[in-house]
Amino acid sequence: MSEVRLDELDVGQLAERVGDRLLRVVSALRPCQLDSSSPACSAVLQAVANPYFLQEDPGGFQTTGWLGAFVTQPSLYAVAAETPEDIAAAVTFARDRQARVVIKGTGHDYLGRSSAPGSLLVWTHRMREITVHQAFVPMGSSDIGFPAVTVGAGARWLEVYQAVTLCGRYVQGGGCTSVGATGGFTQGGGFGSFSKRFGTAAGNVVEIEVVLRTERF
Ligand SMILES: Cc1cc2nc3c(=O)[nH]c(=O)nc-3n(C[C@H](O)[C@H](O)[C@H](O)COP(=O)(O)OP(=O)(O)OC[C@H]3O[C@@H](n4cnc5c(N)ncnc54)[C@H](O)[C@@H]3O)c2cc1C
């Protein structure tokens, strides 16, 4: 069955479920598309050098493409998810209508997988809760517990390093502090041995949070 573009659908029903967390997405580079010599374009080109600026924007990406292999194009609408229920509403809406879903945390993907024209974006940027545990016990386990950190789907490594370090502990992540600590990184997009241990294809599952083991300094 072929996919339906979102502009062919009435998104009003989705808005009823998620309220003002349903956003119309425009490219962060829109001012330059309109007029590349405008002051607004100069300002945005300066701002996009900061990855944290880009990540505040559902239409922002770390790359605009790769040698003609792909061109990054924002989704039409985004659900700025704050709860698992928001994500369920977005996925249910898209599934029932055969519309394409894309997931983006930071937009750090090198292959444009967090972007697709005409799609509905599940934007996890606001889900950045971080909890440091002294003795985490996995559900159903008889383990006595181990030091760990629970990381929301949108949290960046910088935030995780800060939270864990303040508790006198260490967690293994990537060198780029603006990469997301859960989504793409833990699903195989990261370069380190840690992220490869999960081995699944990115884009299949929206993990709400991930538990990472911490070590002493
Ligand atoms: C400038 C730059 C520097 C980098 N530096 C490092 C580094 O130092 N170390 C390192 O290991 N890697 C590094 N990377 C690679 C990075 O780890 C991967 O690109 C990773 O996939 C980024 O994941 P993200 O969630 O931050 O990005 P996103 O673009 O938001 O997501 C990447 C992929 O994961 C999917 N995804 C995101 N969140 C979820 C979710 N919650 N559920 C399901 N799917 C999801 C997206 O759909 C997409 O397919 C770097 C990348 C860039 C662009």
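Numbers for residues simply follow the sequence, beginning at 1. Counting starts at 1 for both ligands and their atoms, in listed order.
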Checklist entry - Is the closest basic N to carboxylate O distance between Arg156 and Glu159 below 4.0 Å? => result yes
Checklist entry - Are Val4 and Leu9 side-chain neighbours, meaning at least one heavy-atom pair lies under 4.5 Å? => result yes
Item to check | Subset of ligand 1 atoms that lie under 4.0 Å from at least one heavy atom of Gly175 | outcome: 7 (C), 8 (O), 9 (N)
Item to check | Of the listed options Tyr110, Trp157, Phe185, closest to atom 51 (C) of ligand 1 (non-hydrogen atoms) | outcome: Tyr110
Item to check | Proximal ligand 1 atoms for Gly174, defined as those under 4.0 Å from one of its heavy atoms | outcome: 8 (O), 9 (N)
Checklist entry - How many angstroms lie between OG in Ser36 and CG in Leu29, if you round to the nearest 0.5 Å? => result 12.0 Å
Checklist entry - Looking at ligand 1, does any of its N/O atoms fall within less than 3.5 Å of an N/O of Thr124? => result no
Item to check | Atom CD of Gln33: over 12 foreign heavy atoms under 6.0 Å | outcome: yes
Next on the checklist: Which of the numbered atoms in ligand 1 are under 4.0 angstrom from any heavy atom belonging to Asp109?
Outcome noted: 19 (O), 27 (O), 28 (P), 29 (O), 32 (C), 33 (C), 48 (C), 49 (O)
Checklist outcome for this item: Checking heavy atoms under 4.0 Å, the part of His108 that sits near ligand 1 is both
Next on the checklist: With the threshold set at under 4.0 angstrom, would you say Val179 reaches ligand 1 through any of its heavy atoms?
Outcome noted: yes
Next on the checklist: Heavy atoms only: which of Val101, Thr182, Thr72, Ile103 lies closest to atom 47 (O) of ligand 1?
Outcome noted: Ile103
Checklist entry - Quick one: which of Ser178, Cys176, Gly173, Gly105 has a heavy atom closest to atom 8 (O) of ligand 1? => result Cys176
Checklist entry - Any idea which atoms of ligand 1 are less than 4.0 Å away from a heavy-atom of Thr106? => result 24 (P), 26 (O), 27 (O), 30 (O)
Checklist entry - Mind checking whether Gly107 has an N or O less than 3.5 Å away from an N or O of ligand 1? => result yes
Checklist entry - Would you say the side-chain atoms of His125 pair up with the backbone N or O of Gln55, donor to acceptor, closer than 3.5 Å? => result yes
Next on the checklist: Run the side chain to side chain contact (heavy atoms under 4.5 Å, CB included) test on Leu120 and Leu14 for me, step by step, so that the C-alpha distance in whole Å, both residues' side-chain angles and the decisive distance to 0.1 Å come before the verdict.
Outcome noted: CA-CA 11 Å; Leu120 177 63; Leu14 181 56; 3.9 Å; yes
Next on the checklist: Is it the case that ligand 1 has an N or O less than 3.5 angstrom from some N or O of Gly180?
Outcome noted: yes
Checklist entry - Name the one of Arg21, Arg126, Arg17 that satisfies side chain to side chain donor-acceptor pair (under 3.5 Å) with Asp86? => result Arg21
Checklist entry - Rounded to the nearest 0.5 Å, what separation is found between the OG1 atom of Thr177 and the CH2 atom of Trp157? => result 11.5 Å
Checklist outcome for this item: Atoms of ligand 1 under 4.0 Å from any heavy atom of Gln62, numbered from 1 in the order shown, are 53 (C)
Checklist entry - Can you tell me if Gln134 and Arg169 form a side-chain donor-acceptor pair at under 3.5 Å? => result no
Item to check | Spacing of Leu22 atom CG and Tyr77 atom OH [to the nearest 0.5 Å] | outcome: 7.0 Å
Checklist entry - Are any of the N or O atoms of Lys104 closer than 3.5 Å to those of ligand 1? => result no
Next on the checklist: Out of all atoms in ligand 1, which are within 4.0 Å of some heavy atom of Gly184? Include the element for each.
Outcome noted: 20 (C), 21 (O), 23 (O), 24 (P), 25 (O), 32 (C), 33 (C), 34 (O), 36 (N), 37 (C), 38 (N)
